[in-house]
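In what follows, a single structure is set out as structure tokens and then discussed.
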2 protein chains.
Amino acid sequence: MERPWDVYAQACPTRMVLDRLADKWSVLILDRLKPGPVRFNGLRRDIEGISQKVLSATLKKLERDGLVAREAFPTVPVTVEYSLTPLGCTLTETVSALAHWAERNMEAVIEAQKAYDAALGEARHGG
Amino acid sequence: MERPWDVYAQACPTRMVLDRLADKWSVLILDRLKPGPVRFNGLRRDIEGISQKVLSATLKKLERDGLVAREAFPTVPVTVEYSLTPLGCTLTETVSALAHWAERNMEAVIEAQKAYDAALGEARHGG
DNA sequence: CAGTATCCTATTAGATACTG
DNA sequence: CAGTATCTAATAGGATACTG
């Protein structure tokens, strides 16, 4: 069963790409992979709060999109390294810009939230 | 009840901001607001596939974050305009970069997906 | 026009246990 | 180590009806 979003994503592929990026975990994984290859459990440790299941699923999507490469080494037990593809590299530059924006403007956003919430409280008491 | 994500978002506010951006609808709304103010039903029409409920909720979040401003005019029936705040404006520049990346690399992503899916099919038949 | 409220289903995500 | 499978709880989102 297709959801409306899927239908529109097909009509406008940009949305499809955006849909992949519009995922907090993807952004975090991409960012974590920037310095170099990382193993599955390394990612799991670094990205606090992500479950094994979601990490696995997200990596698969990123691999399918050609953003992340998976390489398995025939050790015992098996070792698997995830790294950025060239395509993934170009993306992380943009993603970094987003992360930097977040860092720079985090406080402004938090202030805005406080003001908004305070105004709501005012409205409730005063009106 | 707090989900793990919320806990980590509090510890790392960048994640909180990222969490807001990591939403396909937010990106689309921000982008649609770039040229100038748009009314509620205007957004609803322009952003195909979004429901009234989700549009309303997303706009509220964006307003709370100080990214979008809401102005109501005392007409009958009431008219409401949504526009970017200065903070929202700075964000859209970064978001645009992301959209442009998507446009430029859309084909590469689709090719990667095809290759990935084909390889899976091979594996199933051959292995 | 610009929403809110309600109901209900579908998808997601967490916990846990298991495997090569 | 690097996952998959299964079950379940929570949430998001669509459809619809209603309001100032």
Side-chain angles (χ1 to χ4, degrees), chain A residues 1-9 15 19-20 22-29 32-33 37-64 68-83 120 123-124 127, chain B residues 1-9 15 19-20 22-29 32-33 37-64 68-83 120 123-124 127:
Chain A
M1 192 69 81
E2 274 174 338
R3 292 163 303 167
W5 169 262
D6 297 326
V7 176
Y8 294 112
R15 285 201 186 187
D19 197 26
R20 174 64 12 81
D23 169 28
K24 51 194 175 221
W25 298 125
S26 293
V27 172
L28 257 11
I29 291 173
R32 184 64 196 75
L33 253 28
V38 185
R39 294 201 275 162
F40 187 85
N41 281 323
L43 286 170
R44 201 149 108 78
R45 271 187 297 271
D46 291 344
I47 302 172
E48 291 187 87
I50 195 167
S51 71
Q52 204 170 22
K53 181 183 173 180
V54 171
L55 176 58
S56 174
T58 308
L59 283 170
K60 256 185 195 161
K61 284 185 206 166
L62 290 171
E63 194 194 347
R64 192 174 102 99
V68 159
R70 176 187 184 278
E71 189 175 10
F73 301 94
T75 54
V76 179
V78 66
T79 302
V80 178
E81 268 186 11
Y82 290 92
S83 57
L120 269 193
R124 250 196 291 277
Chain B
M1 191 68 81
E2 274 175 337
R3 292 164 302 165
W5 170 264
D6 297 324
V7 176
Y8 294 111
R15 284 200 187 188
D19 196 25
R20 175 64 12 82
D23 169 28
K24 53 194 175 221
W25 298 125
S26 293
V27 172
L28 257 12
I29 291 173
R32 185 62 195 78
L33 252 29
V38 186
R39 294 201 275 162
F40 187 86
N41 281 322
L43 286 170
R44 201 148 108 79
R45 271 187 297 272
D46 291 344
I47 302 171
E48 292 188 87
I50 196 168
S51 72
Q52 205 171 22
K53 182 183 173 179
V54 171
L55 176 58
S56 174
T58 307
L59 282 170
K60 255 185 197 162
K61 285 185 205 167
L62 291 172
E63 195 194 347
R64 192 174 102 99
V68 159
R70 176 187 183 279
E71 189 175 9
F73 301 94
T75 54
V76 180
V78 65
T79 301
V80 178
E81 269 186 11
Y82 289 91
S83 57
L120 270 192
R124 250 196 293 276

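Here is how names work: the chains are called A, B, and so on, in the same order as the sequence lines, proteins then strands, and each is numbered from 1. Keep in mind that the numbers below use all heavy atoms, side chains included, and drop hydrogens, waters and symmetry copies. Here the structure is a predicted model, which is why all the values come from computation and not from measurement.
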When you measure from the side chain of [X], which nucleotide among [options] comes out closest?
X	options	result
B/Val54	D/dG14, D/dA2, C/dC1	D/dG14
A/Gln52	C/dA13, D/dG3, C/dA2	D/dG3
A/Pro77	C/dG14, D/dG3, D/dC1	D/dC1
A/Lys53	D/dC1, D/dC7, D/dG13	D/dC7

Determine: side-chain N/O of [X] to OP1/OP2 of [N], distance under 4.0 Å, yes or no.
X	N	answer
B/Arg44	C/dC1	no
B/Ser51	D/dG14	yes
A/Lys60	D/dT4	yes
A/Tyr82	D/dC1	no
A/Arg70	D/dG3	yes
B/Ser56	C/dT4	yes

Roughly how many Å is it from [atom1] in [X] to [atom2] in [N], rounded to a whole number?
X	N	atom1	atom2	answer
A/Ile50	C/dG14	CD1	C1'	12 Å
A/Asn41	D/dA2	CG	C1'	6 Å
B/Leu43	C/dC1	CG	C1'	13 Å
A/Leu59	C/dA13	CG	P	14 Å
B/Leu55	D/dG13	CG	C1'	13 Å
B/Asp23	D/dA12	CG	C1'	11 Å
B/Lys24	C/dT11	NZ	P	12 Å
B/Leu120	D/dT4	CG	C1'	15 Å

B/Glu81 versus B/Arg39, closest heavy-atom pair with distance: CG-CG, 4.1 Å
Pair A/Lys24-A/Val27, side chain to side chain contact (heavy atoms under 4.5 Å, CB included): steps then yes or no: CA-CA 5 Å; A/Lys24 51 194 175 221; A/Val27 172; 5.9 Å; no
Derivation of the side chain to side chain contact (heavy atoms under 4.5 Å, CB included) call for B/Asp46 and B/Leu28: CA-CA 10 Å; B/Asp46 291 344; B/Leu28 257 12; over 6 Å; no
pair A/Leu59-A/Arg70: side-chain heavy atoms closer than 4.5 Å: no
D/dG20 pairs with, by Watson-Crick or G-U criteria that keep both distances under 3.5 Å: C/dC1
Nucleotide forming a Watson-Crick or wobble pair with C/dG14, both distances under 3.5 Å: D/dC7
B/Trp25 side, atom CH2; B/Ile47 side, atom CD1 - distance, nearest 0.5 Å: 7.5 Å
Nearest-0.5 Å distance that lies between atom CZ in A/Phe40 and atom CZ in A/Arg45: 11.0 Å
Touch class at under 4.0 angstrom, heavy-atom based, for B/Val78 against every strand present: base
